[in-house]
Every structure is written in structure tokens, then in C-alpha cells.
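Just so it is clear, the structure is predicted and the values come from calculations on it, not from any experiment.
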Amino acid sequence: MATRWGLCGAGKISHDFSVAMKTLPAEDHQIAAIASRSRERAKEFAKNHSIPKVYGSYEELARDPNIDVVYLGVLHTEHWRVGLLFLKAGKNVLCEKPFAMNSRQVKDLVEAAKKNNVFLMEAIWSRCFPVHAEVRKLLAEEAVGEVKLVKAYFGSPQLHIPRSVEKELGGGALLDIGVYCLQFVLMVFNGESPESIQASGVLLDSGVDESVVVVMKFSRKRMALCAFSIAVCFTNNVLGPMHCPTTLVVNDKRTEYPLPEPCLPLNFTNSTGLRYEAEEVRQCLLKGLKESPRMPLADSILLTEIMDEIRKQVGVVFNQDKQ
């Protein structure tokens with residue numbers, strides 16, 4: 001039986017997610033409904049993506065008994081409130097990254113999922129790419145020896161995008177793209193907590209971080225170096241586009257993992273790769289799992305705790321931190 005998806009939010013990422021879903025077998029995945037706070041926008045979206053049901057509020061989607069899992073594609077700042085709405089309604093949830101604005105909010109979501117006995121996963125799509133699966137396999141086999149230093153850089157010029165630069169919209173390099181660098185480090189070091197974190201960064205006039213450099217020290221004299229920026233483009237040459245890689249090079253041996261072609265234009269690089277996280281969710285649900293082994297909830301909590309510490313050192317405070 002197909003996994004029946006409900007989309008929450010009719011923005012750019014939900015569009016790309018819907019296009020990616022079309023590359024998967026229809027007997028496995030079906031987008032059954034779309035909800036937006038604007039019914040007109042939801043109707044337009046449903047028409048473009050052939051979605052049968054349209055809701056003009058998130059509450060209506062939460063009440064729909066024919067939805068197996070909700071994909072949360074709304075603004076970062078809304079993840080906590082809207083996530084709790086669906087979890088308390090007994091819905092399985094795949095929530096776009098970053099999970100929430102701080103670790104307190106993330107712990108609230110995890111607690112609600114456990115209390116209501118539902119599946120919850122932060123949509124760090126990178127973790128579901130075949131390249132990442134291969135990297136994990138190589139690490140487990142110690143095929144590359146012990147990793148002593150992880151470097152992860154991500155620079156993407158997006159100062160022209162309001163949600164990237166405005167504090168009220170949860171802007172800043174860390175929450176939007178730095179999260180990819182940090183999750184990669186945690187994946188390589190197997191979800192281990194760093195012994196120390198040193199962060200330095202520059203802020204925009206709006207009070208969010210424009211560029212940040214982070215040095216982390218782990219046990220057994222291992223280190224990680226991350227740099228991310230929404231002002232400039234970095235080479236991003238680790239594994240191709242570092243957050244959605246289709247190429248892996250190990251000891252000069254190159255392997256390609258091509259993506260299927262989209263049926264409609266996409267908003268973001270390699271977005272048909274969102275199919276991998278959708279399939280991961282389906283497999284978890286079929287096995288009766290409440291979290292994904294590829295992106296465990298403990299990793300999401302640690303990731304946000306690290307981001308809280310980086311923000312503290314760099315001087316970024318959101319309204320949500322004061323609540």
C-alpha cells in the first residue's frame with residue numbers, strides 16, 4: 001500500500017519535494033493532500049502537482065485520518081508550533097531542517113513524538129543520499145583508517161533572500177546551511193559529542209550570522225573544521241555539492257550516483273534527491289520504527305545543542321531563545 005503524504009506549506013521546498021516524489025513508484029508514495037494558510041495558494045499548488053485534497057489551514061490536515069505522514073515545509077520559525085500540532089494529532093512527521101530554532105524546542109518535539117508514539121525525523125536529506133550511505137560503510141569498515149580531521153565548508157551567496165537575512169524569519173548562515181557541515185561531522189564521528197567548540201563569526205546588521213568558522217575537538221585527538229557563509233561562494237568540493245552529493249572520490253577512485261531528471265523545474269540544486277528521504281521514511285514506517293537510524297533523534301538534539309553554543313559564542317539571539 002502506498003504511503004500517503006500530507007504536505008504542510010506550499011513554498012519552494014514543498015514544490016521540489018513534490019517533483020522528487022514523482023520519481024518514485026506511485027504504488028509506494030502518494031501525495032494525498034496539501035495544506036497552506038492560504039487556501040488559494042494551496043489550490044494552485046494542488047493543480048500544478050495533481051494533489052487531490054486541499055486545505056486552507058494546518059489544523060484541517062492534522063484532522064485528516066487518511067494521511068500517514070506529514071512533510072513540514074514551512075519556515076524554520078514555524079517548525080516548533082506546527083510540528084507540535086501534528087505530533088499531538090498523532091501524525092508521523094518529516095520536518096525540514098533546521099528542526100527548530102533551539103534545542104529546547106527540538107526536545108519539545110522529540111518528547112511529543114515519544115508521548116504520542118509517532119515517527120519523527122529531521123529532514124537532513126544529505127544523510128539519505130547513496131554517497132552518505134557509502135561513506136558510512138567505508139567508515140564502519142575502517143577502509144580509510146581512523147579519521148583525524150573532518151573539514152566541511154559550505155558557502156552560498158543568498159544575502160538577497162529575505163528568509164536568509166531577517167532575524168524574524170530565522171535567518172543566518174548557521175541554521176540554513178551550517179547545519180549541513182555540522183551534521184556531516186556528527187555522521188563521521190558517529191554522533192559523538194565534541195569535547196570543545198570554538199566559534200568565530202561576523203553578523204549582518206539584522207543580527208544574524210553572515211559567515212562563521214567553527215573548530216571542534218573530539219576524543220582521541222580528532223578535530224573538525226567547519227566554515228559556512230551566506231555572503232560568498234566556497235568551492236564546496238567535498239563530495240560535490242556538499243549537502244546533496246552525487247559523486248564520491250576515495251583514494252582517486254571516482255563513483256557517480258546520478259539523480260533522476262525532474263518533470264518540472266526545481267528551485268534548489270539536485271532536489272530530486274529529496275526522493276531518498278521520502279523512501280527512508282516509508283521504510284521506517286513499514287518496519288514500525290519511530291525514528292530513522294540514518295538521522296536519529298539523538299543526533300538532531302546534539303546538532304541543535306552545538307548550534308546553540310555556536311550562536312552564543314558568535315552573538316546571535318532569536319526571540320525564541322527568550323521564551
- Ser300 and Met295: CA distance, side-chain angles, deciding distance, side chain to side chain contact (heavy atoms under 4.5 Å, CB included) verdict: CA-CA 7 Å; Ser300 288; Met295 189 61 207; 3.5 Å; yes
- Task: Decide yes or no on side chain to side chain contact (heavy atoms under 4.5 Å, CB included) for Lys290 and Lys114, but give the supporting numbers first.
- Result: CA-CA 8 Å; Lys290 301 302 174 193; Lys114 287 181 175 162; over 6 Å; no
- Got more than 12 heavy atoms from elsewhere within 6.0 Å of NZ, Lys148? yes
- Task: Could you pull out the closest heavy-atom pair between Met216 and Cys226, with the gap in Å?
- Result: CE-SG, 4.4 Å
- Ion pair Glu78/Arg81, N-O distance below 4.0 Å: yes
- Interatomic distance, Leu72 atom CG to Glu122 atom CD [nearest 0.5 angstrom]: 11.5 Å
- Message: Please tell me whether Phe228 and Phe154 form a close aromatic pair, meaning their ring centres lie under 6.0 Å apart.
- Response: no
- Of all the heavy-atom pairs spanning Ser292 and Met121, show the shortest one and how long it is. CB-SD, 3.7 Å
- Item | Lys/Arg-Asp/Glu bridge criterion (N-O < 4.0 Å) met for Arg104, Asp308 | no
- Between Glu146 and Arg220, is there a side-chain N and carboxylate O pair less than 4.0 Å apart? yes
- Message: Within the structure provided, determine whether Leu225 and Val214 are in side-chain contact (heavy-atom separation under 4.5 Å).
- Response: no
- For the atom pair SG (Cys181) and CG (Leu174), what is the distance rounded to the nearest 0.5 Å? 9.5 Å
- Side-chain heavy-atom pair Leu94, Trp125 within 4.5 angstrom cut-off: no
- If we ignore angles and hydrogens, is there a donor and acceptor under 3.5 Å between the side chains of Gln158 and Ser156? yes
- Task: Mark yes or no for whether Lys97, through its side chain, and Asp176, through its backbone, hold a donor-acceptor pair below 3.5 Å.
- Result: yes
- Message: As a quick check of understanding, evaluate side chain to side chain contact (heavy atoms under 4.5 Å, CB included) for Thr255 and Thr247, giving each step before the final call.
- Response: CA-CA 6 Å; Thr255 315; Thr247 308; over 6 Å; no
- Can a salt bridge be assigned to the pair Asp64 and Lys91 using a cut-off of 4.0 Å between side-chain N and carboxylate O? no
- Message: Treating Asn102 as the side-chain partner and Gln105 as the backbone partner, does any N or O pair qualify as donor plus acceptor under 3.5 Å?
- Response: yes
- Item | Atom CG of Asp205 with >12 non-hydrogen neighbours under 6.0 angstrom | no
- Whether Asp299 side chain and Pro296 backbone form a donor-acceptor pair below 3.5 Å: no
- Task: Spell out, as yes or no, whether a donor-acceptor pair under 3.5 Å connects the side chain of Thr304 to the backbone of Val106.
- Result: no
- Above 12 or not: heavy atoms from other molecules or residues under 6.0 Å from CD of Glu195? yes
- Message: Would you say Val281 ends up clustered with Ile124 if hydrophobic residues are merged whenever their side chains have heavy atoms under 4.5 Å apart, either directly or through other cluster members?
- Response: yes
- Message: Side-chain heavy atoms nearer than 4.5 Å, only ILVMFWY residues, links allowed to pass through others: does that put Ile51 and Tyr71 together?
- Response: yes
- Item | Heavy-atom side-chain contact between Val19 and Ser271 under 4.5 Å | no
- Message: Please evaluate residues Glu59 and Arg37 with respect to the criterion salt bridge (charged side-chain N to carboxylate O under 4.0 Å, His left out), reporting the C-alpha separation (whole Å), side-chain torsions for both, the decisive distance (0.1 Å), and the verdict.
- Response: CA-CA 10 Å; Glu59 287 75 13; Arg37 284 182 302 196; over 6 Å; no
- Give a yes or no answer on whether the side chain of Thr272 reaches the backbone of Leu259 with a donor-acceptor pair at less than 3.5 Å. no
- Query: Taking 4.0 angstrom as the limit, do Lys53 and Glu60 come out as a salt bridge?
  - Reply: no
- Message: What I'd like to find out is whether the side chain of Leu264 reaches to under 4.5 Å of the side chain of His49, using heavy atoms alone.
- Response: yes
- Item | Carboxylate-amine/guanidinium contact Arg282 Glu280, below 4.0 Å | no
- Single-linkage hydrophobic cluster, 4.5 Å side-chain cutoff, Met223 and Tyr153 together: yes
- Task: Compare every heavy atom of Arg294 with every heavy atom of Ala133, then report the nearest pair and how far apart it is.
- Result: CB-NH2, 4.4 Å
- Message: Given 3.5 Å as the limit, does a donor-acceptor pair link the side chain of Arg222 with the main chain of Ser219, or not?
- Response: yes
- Just by distance, do the side chain of Arg311 and the backbone of Val316 share a donor-acceptor pair under 3.5 Å? yes
- Counting distance only, does the side-chain N/O of Asn270 pair as donor-acceptor with the main-chain N or O of Thr246 below 3.5 Å? no
- Message: Would Met1 and Glu27 count as a side chain to side chain contact (heavy atoms under 4.5 Å, CB included) here? Give the steps.
- Response: CA-CA 7 Å; Met1 202 174 137; Glu27 60 270 23; over 6 Å; no
- Message: Please give me the minimum heavy-atom distance between Ala224 and Phe218, naming the atom from each residue.
- Response: CB-CE1, 4.0 Å
- Item | Side-chain touch Val135/Leu139, heavy atoms, less than 4.5 angstrom | yes
- Item | Flag for Ser206-Glu166: side-chain donor and acceptor within less than 3.5 Å | no
- CG of Leu175 to CG of Asp209, rounded to nearest 0.5 Å, is 7.5 Å
- Examine Leu303 and Leu120 and state if one hydrophobic cluster contains both, with Ile, Leu, Val, Met, Phe, Trp and Tyr joined whenever side-chain heavy atoms are less than 4.5 Å apart. no
- Message: Do Glu168 and Thr77 make a side-chain contact, defined as non-hydrogen atoms from C-beta onward lying under 4.5 Å apart?
- Response: no
- Item | Shortest non-hydrogen separation from Glu291 to Cys284 and the atoms involved | O-SG, 4.1 Å
- Measure the CD-CZ distance between Glu134 and Phe129 for me, rounded to the nearest 0.5 Å. 15.5 Å
- Query: Transitively linked via ILVMFWY side-chain contacts under 4.5 Å: Val93 with Met101?
  - Reply: no
- Message: Classify the ring geometry of His15 against Phe45: parallel below 30°, tilted from 30° to 60°, perpendicular beyond 60°.
- Response: perpendicular
- Task: Locate the shortest heavy-atom distance separating Gly6 from Ile67; write the atom from each residue and the value.
- Result: N-CG2, 3.7 Å
- Query: Between Asp28 and Thr3, is any pair of side-chain heavy atoms under 4.5 Å apart?
  - Reply: no
- Are Trp80 and Phe99 an aromatic pair by the rule of ring centers under 6.0 Å? no
- Asn267 backbone acceptor or donor facing Asp16 side chain under 3.5 Å: yes
- Query: If you round to the nearest 0.5 Å, how far is OG of Ser164 from CG of Leu169?
  - Reply: 9.5 Å
- Do His132 and Phe184 have ring centres separated by under 6.0 Å? yes
- Query: Is there a donor-acceptor pair closer than 3.5 Å between any side-chain N or O of Arg275 and the backbone N or O of Thr23?
  - Reply: yes
- Item | Heavy-atom side-chain contact between Leu203 and Glu210 under 4.5 Å | no
- Task: List the steps, then state whether side-chain hydrogen bond (donor to acceptor under 3.5 Å, both in side chains) holds for Glu305 with Ser103.
- Result: CA-CA 5 Å; Glu305 286 173 341; Ser103 57; 5.1 Å; no
- Query: CD of Glu111 to CG of Leu297: how many Å apart, nearest 0.5 Å?
  - Reply: 12.5 Å
- How are the rings of His243 and Tyr180 set relative to one another: parallel (under 30°), tilted (30 to 60°) or perpendicular (over 60°)? tilted
